[in-house]
Amino acid sequence: MLKKFIFSESGAVTTDYVVLSAGVVGVGIAVLNSTSTGIENLASDIDATLRGNIVNSSFARQSYFDDFENGAGFWFGGVTDASEAAYGGLLGPYGGSSGAEIVTRTYDLMSGYDAAVIEFDLHAIDSWDNEEFIMFVDGNPISSHSFAWQSDGVTDSWTTSDGNYNISIEPAGDRGHIGYSSDWVDQSFTVRVEVTDPGPSMSVGFGSTLNQGVADESWAVDNVAVTSTNDPSDV
Ligand SMILES: [Ca+2]
Ligand SMILES: [Ca+2]
Ligand SMILES: [Ca+2]
């Protein structure tokens with residue numbers, strides 16, 4: 001199998017081989033990152049290329065993007081599902097985690113940028129009763145937002161007083177059944193977080209205080225974009 005990939009001259013099959021080997025190469029890159037600053041940038045570039053998810057790299061900005069149409073990628077604790085046509089592939093659905101961070105991804109941010117922008121779609125699915133969806137950056141909760149099945153929009157919220165985070169959340173449509181349990185209505189939101197001075201790497205994660213079964217109430221995220229930039233207003 002492997003031999004066949006290596007000797008193939010087909011671009012499509014070669015891509016398959018790269019995807020196949022990316023996990024193995026990643027182990028080596030992790031070691032390089034921890035031992036050599038000089039090699040780190042090169043290792044990071046190769047790593048990101050193998051992941052295939054730097055979608056826009058220029059002097060102005062660098063972006064990572066996950067649409068979860070082909071699995072959870074480098075999300076630790078990641079599960080994906082594509083069983084609901086209206087949602088497509090998404091990270092989740094997840095039930096409660098007692099407020100703890102249940103899924104996270106660490107991003108290597110290119111040097112030379114003093115800000116980062118995190119953007120994603122949030123789906124509040126089925127019978128929410130004012131439980132909290134919690135966002136984490138570098139392992140620390142930076143915000144929580146509550147939803148209720150019988151109410152449109154956000155029903156309660158908390159955001160950190162740390163001035164390095166500027167958080168916004170907007171409904172992406174009216175509340176109504178979109179997917180999963182047809183007994184309960186759902187609502188989607190567009191979330192944006194501007195981070196000042198994120199440092200050379202930044203982890204982004206999520207959790208919730210949902211307290212019933214995942215088939216009864218859940219959350220999922222999709223289209224997660226993380227962009228290094230000097231001008232968040234341009235992202
Ligand atoms: Ca998707
Ligand atoms: Ca539903
Ligand atoms: Ca509940």
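Order of listing sets the numbers, starting from 1, for every ligand and every atom in it. Numbers for residues simply follow the sequence, beginning at 1. A quick note: this is a predicted structure, and the numbers were derived from the prediction, not measured.
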> Which angle, to the nearest 10 degrees, do you find at the Ca ion (ligand 3) between OD2 in Asp129 and OE1 in Gln212?
80°
> Hey, would you say the Trp128 and Trp149 ring centroids sit under 6.0 Å apart?
no
> With the Ca ion (ligand 1) as the centre, enumerate protein N/O/S atoms below 3.0 Å in chain and residue order.
Asp67 O, Glu69 OE2, Gly89 O, Asp222 OD1, Asp222 OD2
> Strictly under 3.0 Å of the Ca ion (ligand 2): which protein N/O/S atoms qualify?
Asp126 OD1, His177 ND1, Gly179 O, Ser181 O, Trp184 O, Asp186 OD1, Asp186 OD2
> So do Glu194 and Ile118 actually touch side chain to side chain, heavy atoms under 4.5 Å?
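Counting from C-beta outward, Ile118 and Glu194 never come under 4.5 Å.
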> Taking Ser181 for its side chain and Asp126 for its backbone only, find out whether a donor-acceptor pair lies under 3.5 Å.
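Checked: no pair found.
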> If we only count heavy atoms from C-beta on, is the Asp186 to His177 side-chain gap below 4.5 Å?
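Answer yes - side chains close enough.
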> Please note down the angle at the Ca ion (ligand 3) between OD1 of Asn211 and OE2 of Glu131, to the nearest 10°.
90°
> Check the pair Val195, Tyr165 against side chain to side chain contact (heavy atoms under 4.5 Å, CB included), reporting the backbone distance first and the verdict last.
CA-CA 5 Å; Val195 184; Tyr165 301 103; 3.8 Å; yes
> Just so I know, are the side chains of Arg192 and Ile167 near enough to count as touching, which here means a heavy-atom distance under 4.5 Å?
no
> With a 4.5 Å limit on heavy-atom distance, are the side chains of Asp222 and Tyr87 in contact?
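Side-chain contact under 4.5 Å: no.
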> Quick check: do Asn223 and Glu119 have side-chain heavy atoms less than 4.5 Å from each other?
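No, their side chains stay 4.5 Å or more apart.
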> Measure from the ring center of Phe120 to the ring center of Phe189 and say whether it is less than 6.0 Å.
no
> May I ask you to test the Pro93-Asp81 pair for a side-chain heavy-atom distance under 4.5 Å?
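The answer is yes; the side chains approach within 4.5 Å.
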> Below 3.0 Å, any N, O or S contact between Asp216 and the Ca ion (ligand 3)?
no
> Just so I know, are the side chains of Met135 and Val191 near enough to count as touching, which here means a heavy-atom distance under 4.5 Å?
yes
